[in-house]
Amino acid sequence: QVTLVESGGGLVQAGGSLRLSCAASGRSFSRYTMGWFRQAPGKEREFVAAITRSGVNTRYADSVKGRFTISRDNAKNTVYLQMSSLKPEDTAIYYCAAANLLWCTSEENDYAYWGQGTQVTVSS
């Protein structure tokens, strides 16, 4: 069992930056591929980024490539999402999730554990 708690969301102007954190409790955080997803009002939840257990491999949605960076600190049981050059269309609730897999996956169904989400609002 893994419990995930996101933090770091807020209101930021377009072009600004935010860093989201996701703290995991429970055993064996380093066994999980970690992902970030987001859901904008009236839209389906979508994949943002993922990182493998060791942090060596990462994967990004095309819409955030070059602007967002996912990283993890296994000693702190925490995964991060550094967001830069934010756009109004990045406004969404951001969720972190854990998958007991070896590879980076963008499929929601692969993730067994989810956080409660943190709101990110980007003003124009």
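Everything quoted here is computed from the prediction, not taken from an experiment.
One finds the OG atom of S7 at 9.0 Å from the CZ atom of R19 (value rounded to the nearest 0.5 Å). Rounding to the nearest 0.5 angstrom, the gap separating the CZ atom in R67 from the OG atom in S85 is 7.0 Å. Taken from OG1 in T118 to CZ in R38, the straight-line distance is 14.0 Å, to the nearest 0.5 Å. Note that the CD atom of E46 and the OG atom of S106 stand 11.0 Å from one another [nearest 0.5 Å]. We find the CG-CH2 distance between N57 and W103 to be 13.0 Å, quoted to the nearest 0.5 Å. One finds the CD atom of Q119 at 9.5 Å from the CG atom of L11 (value rounded to the nearest 0.5 Å).
The other residues sharing a hydrophobic cluster with V120 are V2, L4, V12, L18, L20, F29, Y32, M34, W36, V48, I51, Y60, V64, F68, I70, V79, L81, M83, L86, Y94, Y113, V122, where clustering joins ILVMFWY side chains under 4.5 Å apart.
Taking 4.5 Å as the limit, some side-chain heavy atom of W114 sits within range of a side-chain heavy atom of E108. No side-chain heavy atom of T3 sits under 4.5 Å from any side-chain heavy atom of Q116. Side-chain atoms of K76 and S21, non-hydrogen and from C-beta on, never get closer than 4.5 Å to each other. Contact annotation: the side chain of Q13 approaches that of S123 to within less than 4.5 Å [non-hydrogen atoms, C-beta and beyond].
Here the closest heavy-atom approach between residue S17 and residue Q82 is recorded as CB-NE2, 4.0 Å. Scanning both residues, G55 and T58, for their nearest heavy atoms gives O-CG2, 4.5 Å. Taking all atoms of both residues into account, the shortest heavy-atom contact from C104 to A50 is SG-O, 3.7 Å. The shortest heavy-atom contact between G35 and Y111 is N-CE2, 3.6 Å. Here the shortest heavy-atom pairing between R72 and S30 reads NH2-CA, 3.9 Å.
The backbone N or O of T52 sits nowhere less than 3.5 Å from a side-chain atom of R59 that would complete a donor-acceptor pair. A donor-acceptor contact shorter than 3.5 Å links the side chain of E6 to the backbone of G117.
T105 meets the side chain to side chain donor-acceptor pair (under 3.5 Å) test with D110; sequence neighbours excluded. In this view, Y80 satisfies the ring pair (Phe, Tyr, Trp, His ring centres under 6.0 Å) rule with no residue, not counting sequence neighbours.
In K43, the NZ atom is not crowded: 12 or fewer heavy atoms of neighbouring residues, nucleotides or ligands sit closer than 6.0 Å.
Comment: K87 does not engage D90 in a salt bridge, judged by the lack of any side-chain N to carboxylate O separation of less than 4.0 angstrom.
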